[in-house]
Amino acid sequence: MQQLVLDMGLPTGPSLKNFCVGSNEAAVAHLKLWLGHDGTTRRSPVPTYLWGGDACGKTHLLQAMRVALQAQGANVGWLDAGSQMAPEFDESWACVLMDDVHAFSTAQQQLAFNWFVHAQTLQIAVLASGSLPPADLKLRDDLRTRLGGGHVFALHALSEPERRAVLRQAADERGIVLSNEVMDFMLTRFSRDLGSLMALLDLMDGYALQTQRAITIPLIKAMMDNT
């Protein structure tokens with residue numbers, strides 16, 4: 001059977017709570033400490049850079065930080081490789097977030113550098129992510145050195161045993177009986193990205209309830225035939 005790739009994302013949106021930490025405890029602990037609990041703590045202006053390959057969670061963590069800061073009533077600046085019309089730097093921002101900096105265009109690098117300079121002048125932190133460590137980024141020198149001038153954390157994707165453990169725990173919390181055969185099928189026939197796997201689990205749960213059937217491989221195939 002040809003492998004199916006589902007791009008469904010996380011059903012509840014990214015948060016620090018629903019991030020599966022794995023071996024990334026140091027980075028997550030750092031972000032939680034920096035964030036504080038109620039927005040009254042004075043946050044360090046030292047930049048933080050997260051780097052790693054696909055599915056390691058760097059975008060999830062940046063988006064989670066944006067959500068958490070906004071929940072505390074803070075305004076933030078956001079720039080990613082897909083940004084076409086970014087706003088002017090706002091001195092009221094509590095933080096500047098830059099995602100996928102390795103893919104920034106020349107114009108985006110210029111904007112990112114300007115934001116960085118303003119942020120450092122005003123003692124505002126920059127949280128950024130990319131696929132490579134700072135020294136290996138193919139960016140302008142002044143931006144690359146600033147990205148590497150603070151806290152740097154390498155993120156690691158979950159191993160297969162860790163993904164299985166997360167799926168098993170999520171299934172147990174939903175009261176779902178997930179056999180080893182079904183889990184093998186999920187991990188070999190669908191995207192192995194944890195976000196997609198968790199979304200698939202939600203779809204399977206809903207379809208099983210709708211059809212009043214247990215979650216089996218035939219049920220998954222029937223569900224895919226009807227989507």
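If you take OG on S15 and CD on Q63, they are separated by 11.0 Å, rounding to the nearest 0.5 Å. Distance check: M224 CE to L203 CG gives 8.0 Å after rounding to the nearest 0.5 Å. Note that the NZ atom of K138 and the CD atom of Q109 stand 12.0 Å from one another [nearest 0.5 Å]. To the nearest 0.5 Å, atoms CD1 (I176) and CG (D205) are separated by 3.5 Å. Atom NZ of residue K32 and atom CG of residue L16 lie 6.5 Å apart, to the nearest 0.5 angstrom. Considering CE of M186 and CD of E181, their distance stands at 13.5 Å, rounded to 0.5 Å.
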Practice item. Please assess R168 against R164 for the test side chain to side chain contact (heavy atoms under 4.5 Å, CB included), listing each intermediate value before the final yes or no. Key: CA-CA 6 Å; R168 180 72 66 197; R164 286 178 178 270; over 6 Å; no
Practice item. Determine, stepwise, if the pair T106 / Q110 fulfils side chain to side chain contact (heavy atoms under 4.5 Å, CB included). Key: CA-CA 6 Å; T106 300; Q110 176 64 47; 6.0 Å; no
Point to revise | Residues L155, L61; criterion side chain to side chain contact (heavy atoms under 4.5 Å, CB included); working and verdict | key: CA-CA 10 Å; L155 299 183; L61 286 175; 3.9 Å; yes
Point to revise | CA sep, side-chain torsions, deciding dist, call: M65, V76, side chain to side chain contact (heavy atoms under 4.5 Å, CB included) | key: CA-CA 10 Å; M65 294 298 286; V76 300; over 6 Å; no
Cut-off 3.5 Å, no hydrogens considered: what does the side-chain donor-acceptor table look like for residues 208-220, sequence neighbours left out?
from, atom 1, to, atom 2, distance (Å)
T211, OG1, Y207, O, 2.8
Q212, NE2, L209, O, 2.7
T216, OG1, L219, N, 3.3

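The existence of a salt bridge linking R144 and D136 is excluded, since no basic side-chain nitrogen approaches an acidic carboxylate oxygen closer than 4.0 Å. Using a cutoff of 4.0 Å between basic side-chain nitrogens and carboxylate oxygens, R189 and D184 are not scored as salt-bridged.
A donor-acceptor pair is defined here as one N or O able to donate and one able to accept, closer than 3.5 Å; such a pair exists between the side chain of S44 and the backbone of V46. E162 contributes a side-chain N or O that, together with a main-chain N or O of S159, makes up a donor-acceptor pair within less than 3.5 Å. Under a 3.5 Å cut-off, the side chain of H102 and the backbone N or O of S131 do form a donor-acceptor pair. Checking side-chain atoms of R66 against main-chain N and O of L62 turns up no donor-acceptor pair under 3.5 Å. One N or O on the side chain of S179 and one on the backbone of V182 form a donor-acceptor pair closer than 3.5 Å. With hydrogens and angles ignored, the 3.5 Å screen pairs a side-chain donor or acceptor of N24 with a backbone N or O of H156.
Using cut-offs of 30° and 60° for the angle between ring planes, the F153 and H30 rings count as tilted.
Side-chain contact between L200 and M204: present, with at least one pair of heavy atoms (C-beta onward) separated by less than 4.5 Å.
Using a 4.5 Å cut-off between side-chain heavy atoms of Ile, Leu, Val, Met, Phe, Trp and Tyr, V177 forms no hydrophobic cluster with any other residue. Using a 4.5 Å cut-off between side-chain heavy atoms of Ile, Leu, Val, Met, Phe, Trp and Tyr, L79 falls into a hydrophobic cluster with Y49, W51, F89, W93, V96, M98, V101, F104, L111, W115, F116, L122, I124, V126, L132, L137, L139, L143, L147, V152.
When every heavy atom of G53 is checked against every heavy atom of C56, the shortest pair comes out as O-SG, 3.1 Å. Closest approach of A27 and L50 over heavy atoms only: CB-CD2, 4.4 Å. Contact detail for A94 and R43: the closest heavy-atom pair is CB-NH1, 4.2 Å. Scanning all heavy atoms of the two residues, the minimum distance from L69 to C95 falls at CD1-CB, 3.8 Å. The two atoms that bring G82 and Q108 nearest to each other are N-NE2, 4.3 Å, heavy atoms only.
In the displayed structure, E25 atom CD is contacted under 6.0 Å by more than 12 heavy atoms of other residues, nucleotides or ligands. Other residues, nucleotides and ligands place no more than 12 heavy atoms under 6.0 Å from the CD atom of E88.
Tested against S129, the residues T59, D80, T48, D99 include a single side-chain hydrogen bond (donor to acceptor under 3.5 Å, both in side chains) partner, D99.
One hydrophobic cluster, built from ILVMFWY side chains closer than 4.5 Å, cannot hold both L31 and V67; they sit in different ones.
For the pair R146 and F113, the cation-pi test (distance below 6.0 Å, angle within 45°) is failed.
Side-chain atoms of H60 and N18 include a donor-acceptor pair closer than 3.5 Å.
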